[in-house]
Amino acid sequence: MKNYFAGLLLSGFLLFANIASATSLQNFSGNYTGKLGSKTDVVFSLKNNSGKLSGFYYYEKIGTEIKLIGQVINGIATIYELDYQNVKKAKITGKLTQNSFKGTWESLSSKKVFPVQLISTNKSIPMLPNNLVGVYKVAEEDQCAMSITISKSKGEYVYHFKSSTRNLNGKVTFSRSLNENLVYINFYGIEWDEDSGDVTKDDDDEDSSADRVLPTVVQGLLSDGKITIQNTGNAMNRYVKIGECDLKYINLIRVK
């Protein structure tokens, strides 16, 4: 009789444990890092609500969120990637747990297929500001008459740069640092005014500094309504990113 009751208790415990485990798998949210294909670094954020999946992912080199929707049944996830018009562009399928994902990404148009492998991370994903689009002007306008207008077209961010000497247009990407919990914005196509490099390094070629190709990407720290660009270096690492501005730090404030 004792063995009979012991067996019932064990069966009840195992049933309760299985139910609790299934419930936890049906309701969780988490962030994942890994690769799409063999070289492309990606970051995923997924929420599982009773088998319905939602969230986003982004390519680390671009940083713009791509919307995801789908479902998970018995640990097998079917997720669709949506474009800016909520049209399905790709299908992601594979085994999903709270700790990992392993599967494939398939383009619905070209039918190209790439492997996807992710592991969970407890780090938070720094989010883009809600009101990112707009006109940004320099706080110290008397020392730097410059503005940057950020807009969004077909799901991609672009900018217009205007100063006393230049009018430029280009693409925008974002670098999201999970370690720092910060977001950096990158403006492509703005050539630096000067880049002498690290002066502590020996230079075998006296003319190499003159031949150095100037960088064409200006990066700034992005926060809600503000972009901060370190415009100049120091005596050991001399550079000037935007020559029209006589400021070490350019503080761009969104005005509209």
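It should be emphasised that the depicted structure is a prediction, and the values quoted were computed from it without experimental measurement.
Put simply, the residue from Y58, Y32, Y57 that forms a ring-ring contact (aromatic ring centres under 6.0 Å, His included) with F44 is Y57. With respect to T33, the side-chain contact (heavy atoms from CB on, under 4.5 Å) criterion is satisfied by exactly one of D41, L178, V42: L178. Looking at L128, V218, I150, L252 one by one, the single match for side-chain contact (heavy atoms from CB on, under 4.5 Å) with I185 turns out to be I150. When the options Y157, W192, Y159 are evaluated for a ring-ring contact (aromatic ring centres under 6.0 Å, His included) with F187, the one that passes is Y159.
Atoms CD and OG1, on Q219 and T173 in that order, are 8.5 Å from each other to the nearest 0.5 Å. Considering CG of N186 and CG of L222, their distance stands at 10.0 Å, rounded to 0.5 Å. Taken from OH in Y136 to NZ in K226, the straight-line distance is 12.5 Å, to the nearest 0.5 Å. The CG atom of N237 sits 7.5 Å away from atom CG of D195, with the distance rounded to the nearest 0.5 Å. Distance check, rounded to the nearest 0.5 Å: NZ of K162 to OG of S147 gives 6.5 Å. Here CG of L68 is found 7.5 Å from CG of L82. Values are rounded to the nearest 0.5 Å.
Around atom CD of E156, no more than 12 heavy atoms belonging to other residues, nucleotides or ligands sit under 6.0 Å away. Within 6.0 Å of NZ in K35 there are more than 12 heavy atoms belonging to other residues, nucleotides or ligands. K248 NZ: more than 12 foreign heavy atoms inside a 6.0 Å radius. The 12-atom threshold is exceeded at CG of D83, counting heavy atoms of other residues, nucleotides or ligands nearer than 6.0 Å. Other residues, nucleotides and ligands place more than 12 heavy atoms under 6.0 Å from the CG atom of L108. Residue K111 qualifies as enclosed at atom NZ: its count of foreign heavy atoms under 6.0 Å is above 12.
For E65, the salt bridge (charged side-chain N to carboxylate O under 4.0 Å, His left out) partners are R176, not counting sequence neighbours.
Using a distance-only test at 3.5 Å, with no hydrogens or angles considered, no donor-acceptor pair links the side chain of D224 to the main chain of P129. Between the N231 side chain and the L247 main chain, a donor and an acceptor come within less than 3.5 Å of each other. Checking side-chain atoms of E141 against main-chain N and O of Q143 turns up no donor-acceptor pair under 3.5 Å.
Cluster annotation: V43 and I66 are assigned to distinct hydrophobic clusters (Ile/Leu/Val/Met/Phe/Trp/Tyr, side-chain heavy-atom contacts under 4.5 Å, transitive). A continuous path of Ile, Leu, Val, Met, Phe, Trp and Tyr side chains, each step under 4.5 Å between heavy atoms, connects F114 with L118, placing both in one hydrophobic cluster. Grouping the Ile, Leu, Val, Met, Phe, Trp and Tyr side chains by contacts below 4.5 angstrom, directly or via other members, places Y239 with M146. Under a hydrophobic clustering in which Ile, Leu, Val, Met, Phe, Trp and Tyr are joined whenever their side-chain heavy atoms come within less than 4.5 Å, directly or via other members, I227 and V133 fall into the same cluster. Cluster membership for V183 and I148, using ILVMFWY side-chain heavy atoms within less than 4.5 angstrom, is shared.
Counting all heavy atoms, side chain and backbone alike, G220 lies closest to I229 at CA-CG1, 3.9 Å. Here the closest non-hydrogen pair linking S177 and Y184 is CB-CE1, 4.5 Å. Residue G189 comes nearest to L168 through the heavy atom pair O-CD1, 3.8 Å, listed as atom of the first residue, atom of the second, then distance. E140 and N251 make their closest contact through OE2-ND2, 3.7 Å (heavy atoms, listed as atom of the first residue, atom of the second, distance). Of all heavy-atom pairs spanning V172 and V158, the tightest one is CG2-C, 3.9 Å. In plain terms, the two heavy atoms of T64 and G155 that are nearest each other are CG2-O, 3.7 Å.
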Q: Quick one: do S54 and N49 satisfy side chain to side chain donor-acceptor pair (under 3.5 Å)? Show the steps, please.
A: CA-CA 8 Å; S54 60; N49 185 7; over 6 Å; no
Q.
Would W105 and E81 count as a side-chain contact (heavy atoms from CB on, under 4.5 Å) here? Give the steps.
A. CA-CA 9 Å; W105 177 97; E81 171 187 320; 3.0 Å; yes
Q. Do T165 and E244 pass the side chain to side chain donor-acceptor pair (under 3.5 Å) test, and can you show the C-alpha distance, the side-chain angles, and the key distance before you say yes or no?
A. CA-CA 7 Å; T165 60; E244 298 95 310; 3.1 Å; yes
Q: Mind running side-chain contact (heavy atoms from CB on, under 4.5 Å) on Q230 and Y249 for me, showing each step along the way?
A: CA-CA 5 Å; Q230 182 171 344; Y249 291 95; 3.8 Å; yes
Q.
Assess the residue pair Q98 and N48 against the criterion (side-chain contact (heavy atoms from CB on, under 4.5 Å)); give the C-alpha distance rounded to whole Å, side-chain angles, the decisive distance to 0.1 Å, and a yes or no.
A. CA-CA 10 Å; Q98 287 180 281; N48 182 5; over 6 Å; no
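Look at K241 and D193 and you find no salt bridge, because none of the NZ, NE, NH1 or NH2 atoms lies under 4.0 Å from a carboxylate O.
Residues in residues 52-84 take part in no disulfide bond (SG atoms under 2.5 Å apart) pair, two or more places apart or across chains.
Counted by atom type alone, K123 and N31 present zero donor-acceptor pairs between their side chains at under 3.5 Å.
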